[in-house]
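Okay, so here's the structure we're looking at.
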There are 2 protein chains.
Amino acid sequence: MRMETRRDVFQAIADPTRRAIIMLLAAGSMTPNALAEHFNSSRQAVSKHLQVLTECEVLTQEQKGREIHYHLNSTKMKEIEHWLEQFKQLLSKRFDQLDDVLTKLKTNKK
Amino acid sequence: MRMETRRDVFQAIADPTRRAIIMLLAAGSMTPNALAEHFNSSRQAVSKHLQVLTECEVLTQEQKGREIHYHLNSTKMKEIEHWLEQFKQLLSKRFDQLDDVLTKLKTNKK
DNA sequence: TATCTTTGCAACCATTTGGTAGCGTAATGA
DNA sequence: TCATTACGCTACCAAATGGTTGCAAAGATA
């Protein structure tokens with residue numbers, strides 16, 4: 001029973017196709033059709049992923065006539081970076097504590 | 001029509017509860033019951049997440065009597081880091097190209 | 001030994017996901 | 001003007017997800 005649809009960067013990068021789309025858009029903005037050509041999946045399938053990515057605010061749309069150009073909002077990706085940073089800090093803290101324990105054992109042995 | 005169950009680090013961190021579990025385990029190994037106390041969800045729900053995380057090889061189990069201690073395989077997290085690194089490189093490349101264009105425009109104006 | 005505790009596992013359920021097919025609309029181009 | 005193209009949107013489908021309840025196994029404890 002999920003309360004609400006979770007739409008965050010972490011969900012954005014959960015799907016391999018979406019990760020590929022992000023990578024392609026990191027190289028430059030593209031239209032759905034141009035993107036779809038890079039995949040086996042249909043235009044609609046890619047379009048759905050683009051929708052998800054837009055909801056996650058990883059992408060922004062720019063209408064140009066009948067074409068829509070999708071741009072990457074690279075700042076959103078920093079959330080992942082930030083989370084990883086916190087994770088690494090927790091890890092290093094743990095190893096610091098382990099160091100403490102080892103140091104104490106040493107001094108006790110003296 | 002999904003071909004196979006996707007089980008990778010990216011799917012592991014897609015769920016907020018799983019991200020929290022990873023954070024807790026970054027501080028030190030724990031049993032399912034101890035973990036479940038940190039959440040509103042039931043032991044079984046947490047256990048399911050642990051199962052997913054184990055399948056993703058983000059966690060390893062260690063049986064100690066009737067208790068099971070879950071440990072973090074922090075090396076798996078490097079996959080995320082690696083992906084982010086690639087992403088950033090692509091981004092910077094794009095900006096380099098933009099720089100090229102700007103430089104050329106400058107020289108043309110001369 | 002009998003009982004409690006920790007845990008995995010299977011069954012089940014509602015919702016979400018990733019995908020397809022088809023329709024409507026608006027812009028482009030002959 | 002008429003055909004084509006690019007796209008969003010809806011409806012639909014099978015599989016996956018996140019969650020629950022209940023049960024069984026095996027270790028701890030009295």
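A, B, ... follow the sequence lines: proteins, then strands. Residue 1 opens every chain. Just so it is clear, the values below take in all heavy atoms, side chains as well, and ignore hydrogens, waters and symmetry mates.
No engagement by B/Ser41 is indicated, since no non-hydrogen atom pair under 4.0 Å with the nucleic acid exists. Counting any heavy atom pair closer than 4.0 Å across all strands shown, B/Tyr70 reaches sugar-phosphate atoms only and no base atom. Nucleic acid contact for A/Gln44: base, since at least one base atom lies under 4.0 Å from a heavy atom of the residue.
Residue whose closest nucleotide on DNA chain D sits further toward the 5' end, between B/Val46 and A/Asn33: A/Asn33. Positionally, the nearest nucleotide of DNA chain C for A/Val52 lies more toward the 5' end than for the other of A/Lys64 and A/Val52.
Rounded to whole angstrom, the span from the CG atom of A/Asn40 across to the P atom of C/dG18 amounts to 17 Å. Rounded to whole Å, the distance from CD on A/Glu55 to P on C/dG18 is 12 Å. One can place CG of A/Leu50 at 11 Å from C1' of D/dC7, the figure rounded to the nearest angstrom. Regarding A/Phe39, its CZ atom lies at a distance of 15 Å from the C1' atom of C/dG19, rounded to whole Å. D/dA16 atom C1' lies 14 Å from atom CG of B/Asp8, rounded to whole Å. Remark: P of D/dA16 and CZ of B/Arg18 are 15 Å apart, rounded to the nearest angstrom. We find that CD of B/Glu62 is positioned 16 Å from C1' of C/dT6, with the value rounded to whole Å. Rounded to a whole Å, the CD1 atom of B/Ile13 is 13 Å from the P atom of D/dG18.
Relative to the side chain of A/Ile68, the nucleotides C/dT7, D/dT20, D/dC7 differ in distance, and D/dC7 lies closest. Nearest to the side-chain atoms of B/Arg43 among the listed nucleotides C/dT6, C/dG8, D/dA6 stands C/dG8. Closest approach to the A/Ser42 side chain among C/dT17, C/dT20, C/dT7 is made by C/dT20 (side chain taken as heavy atoms from C-beta onward). For A/Lys48, taking side-chain heavy atoms from C-beta onward, the closest of the listed nucleotides D/dA11, C/dG8, D/dT20 is D/dA11. Of the candidate nucleotides D/dG8, C/dG8, D/dG19, D/dG19 has the atom lying nearest to any side-chain atom of B/Thr17. Minimum atom distance to the side chain of B/Gln61 is reached by C/dG8, of the listed C/dG8, C/dT20, D/dC7. Taking only side-chain atoms of A/Arg66, from C-beta outward, the nucleotide of C/dA27, D/dG18, C/dT7 with the closest atom is C/dA27. For B/Asp15, whose side chain is taken as the heavy atoms from C-beta onward, the closest listed nucleotide among D/dG18, C/dG8, D/dT17 is D/dG18.
Side-chain heavy atoms closer than 4.5 Å link hydrophobic residues (I, L, V, M, F, W, Y) into clusters, and following such links, possibly through other members, connects A/Ile68 to A/Leu72.
Listed for the B/Arg43 side chain is no donor-acceptor partner under 3.5 Å among the backbone atoms of B/Leu35.
Using a cut-off of 4.0 Å between Lys/Arg side-chain N and Asp/Glu carboxylate O, A/Arg7 and A/Glu57 are scored as not salt-bridged. A salt bridge is absent between A/Lys76 and A/Asp8: the closest approach of a Lys/Arg side-chain nitrogen to an acidic carboxylate oxygen does not fall below 4.0 angstrom.
For A/Ser47 and D/dC7, the shortest distance from a side-chain N or O to OP1 or OP2 is not below 4.0 Å. The side chain of B/His49 contributes an N or O atom lying less than 4.0 Å from OP1 or OP2 of D/dG19. Look at B/Gln11 and you'll find a side-chain N or O under 4.0 angstrom from OP1 or OP2 of D/dT17. Contact annotation: B/Arg7 does not reach the phosphate of D/dA16 (side-chain N/O to OP1 or OP2, under 4.0 Å).
At a threshold of 4.5 Å between non-hydrogen side-chain atoms, the residues A/Phe10 and B/Phe10 do not count as touching.
Within 6.0 Å of atom NE2 in A/His82, 12 or fewer heavy atoms from other residues, nucleotides or ligands are found, so the atom counts as exposed in its surroundings.
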